[in-house]
Number of protein chains: 2
Amino acid sequence: MNDALRAGVETFAPLYIEVKRLITQGLIEGEWQAGAALPSETRLAQRYHVSIGTIRRAVDELVAEQILVRQQGRGTFVATHDPKRLLFHFFHVVRNDGVKEMPEPEMLAFERDRADTAVARRLNLLPGERVFRIRNLVRLAGEPMILDELVLSQARFPDLTEKIFREREATVYALYQTRYGINVVRAAERLRATAAERASAKLLNVRPGAPLLEIHRTAMTYHNTPVELRTSLVNTAAHEYWSDFGKA
Amino acid sequence: MNDALRAGVETFAPLYIEVKRLITQGLIEGEWQAGAALPSETRLAQRYHVSIGTIRRAVDELVAEQILVRQQGRGTFVATHDPKRLLFHFFHVVRNDGVKEMPEPEMLAFERDRADTAVARRLNLLPGERVFRIRNLVRLAGEPMILDELVLSQARFPDLTEKIFREREATVYALYQTRYGINVVRAAERLRATAAERASAKLLNVRPGAPLLEIHRTAMTYHNTPVELRTSLVNTAAHEYWSDFGKA
DNA sequence: AAGTGGTCTAGACCACCAT
DNA sequence: TGGTGGTCTAGACCACTTA
């Protein structure tokens, strides 16, 4: 594109970074929906007036970030939130012997609330903005194992109701993606050990004061924009949190 | 290299993977020591009879794995275990407000033992092989915060003594690297919540039964070969474990 | 000024998938 | 058979470091 696309951009970046930004923009604007195929690399090269090598460099990074998926001979696709992706990329609790079990969530409460300063900061909202608070009990192999609370901006999920959330057919992130066009692409997690309070202990079937793993997650969409806060309490008597999935 | 280097290799892999393997082999054999510069990409291309593009592809991956470090205009270097690398890549405990504090370890015990079946499996040893067990109390900002136990194969660290370990000048991984030529390049960690036992509680200055974060780490060198097991007990009253460093 | 890594190009050939 | 991604090449030019 030789400066054509760069015109008007103050700060110059490598071409492949610009191309990556343009592709991401297309994803944000819904030009390519989840599961859809992108144009072939040849066509993308024509469209952005760069060589195929530059396209490949940009797509390489989006594939590394698990935003796109390449399939040789078929094409390049927008990653979808199927159960497999959830398990491998966003769910890190594993049985002691290494077996991954599919989480089975049950909604306990669905409330409307307002963001305090901490929530506002972490969700990029103003203090006092409306949020949903949703509590779930998650079972593994039928046993209650995780208690979590989600916080979402009402502005971002305008018509979300308790019924929609409870009766969804797929994972929570698939709901965000299909109904609201919000594609969660990354999650940052912070962990600590804590003691079970009476209410949590009862739900998780442990004694009050028992050690639980507390996980604070911020789930993000493109450009690291936060869209969901989640606090999980995990009974790690027979399970562990695996910190390094995926690498080599 | 057009099949020249591939001759004798049964299972064909892309050239850049072969080149990556050859460079890694050079690192294992000590051809390039920690901190040293590799030959320039032009020279590597000549040496392995491939184009510069293929060299770059191989080096790209080693850089992504933090095994090599590129510096434009200067060259490509073997990553060293300086305090900064430790903090950013291998030490995930951070103060609640996000400030990273440099860990200050104090050796408590240095013992010789034999591997039980679990240790043997995780360290790729035979049950009964000799190991070191080293316990440390780690302070953050002067306060006791982490209790850890390392398990190392005596065969891998032949002349290691209590004195050498205690009087080392740099980090543990720098010691492995400079004295034994073992470069720790990756660590896998599994976490759980546990209750403080009497002895640990006393050392960490918490009450018995207080929740502690238990971290099981396997530190690995090239080809995911395990070289160190480490179990840490962390007081997370004012600290957290950050799970996703480094990404975007 | 010389040498290094960083970007970008254009094109060849291969492996795989759909039809 | 035609289209897709995957690999590999050769070379140009740029940005940065060192001397």
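Just so it is clear: chains get the letters A, B, ... in the order the sequence lines come, proteins before strands, and each one is counted from 1.
Contact annotation: A:Ser40 reaches the phosphate of D:dT4 (side-chain N/O to OP1 or OP2, under 4.0 Å). The phosphate of D:dG6 (OP1 or OP2) has a side-chain N or O of A:Arg70 nearer than 4.0 angstrom. Between B:Tyr16 and D:dT7, a side-chain N or O to OP1/OP2 separation shorter than 4.0 Å is present. Listed pair A:Thr54 / C:dT9 meets the phosphate criterion, a side-chain N or O lying under 4.0 Å from OP1 or OP2.
Of the N and O atoms on the side chains of B:Tyr241 and A:Ser243, at least one donor lies less than 3.5 Å from an acceptor on the other residue. For the residue pair A:His89/A:Gln66, the side-chain donor-acceptor check at 3.5 Å is satisfied. Side-chain N/O atoms of A:Glu101 and A:His239 include a donor and acceptor closer than 3.5 Å.
Atom P of nucleotide D:dT4 and atom CG of A:Leu44 are separated by 10 Å, given to the nearest angstrom. Atom CD1 in B:Ile55 sits roughly 16 Å away from atom C1' in C:dG6 (whole-Å rounding). We find that CG of B:Leu62 is positioned 16 Å from C1' of C:dG5, with the value rounded to whole Å. The distance between atom CD of B:Glu41 and atom C1' of D:dA15, rounded to the nearest whole Å, is 14 Å. At whole-Å resolution of the value, CZ in B:Arg56 and P in C:dG5 are 8 Å apart. Straight-line distance from the CD1 atom of B:Ile17 to the C1' atom of D:dT7: 11 Å, rounded to whole Å. In this entry the distance linking CD of A:Gln46 with P of D:dG3 reads 12 Å, nearest Å. Rounded to whole Å, atom P of D:dT9 lies 13 Å from atom CD of B:Glu18.
With distances taken from any side-chain atom of B:Arg43 to the nucleotides D:dT9, C:dT4, D:dT4, the minimum falls on C:dT4. Proximity note for A:Ser51 (side chain, C-beta onward) versus D:dT7, D:dA10, C:dT9: the nearest is C:dT9.
At the heavy-atom level, B:Arg57 lies under 4.0 Å from the strands shown only through sugar-phosphate atoms. Residue A:Thr76 is classed as a sugar-phosphate contact, given heavy-atom separations below 4.0 Å to backbone atoms only.
Checked against the 6.0 Å centroid threshold, B:Phe165 and B:Phe132 do not count as a close aromatic pair. Ring to ring, B:Tyr173 and B:Phe90 are close: their centroids are under 6.0 angstrom apart.
Classification of A:Glu41 and A:Arg57 as a salt-bridged pair fails, no side-chain N sitting under 4.0 Å from a carboxylate O.
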I'd like a list of close polar pairs between nucleotides 16-19 of chain C and the protein, N/O only, cut-off under 3.5 Å.
| from | atom 1 | to | atom 2 | distance (Å) |
| --- | --- | --- | --- | --- |
| C:dC16 | O4' | A:Gln72 | OE1 | 3.3 |

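Shown here is B:Glu169, whose CD atom has no more than 12 heavy atoms of other residues, nucleotides or ligands within 6.0 Å.
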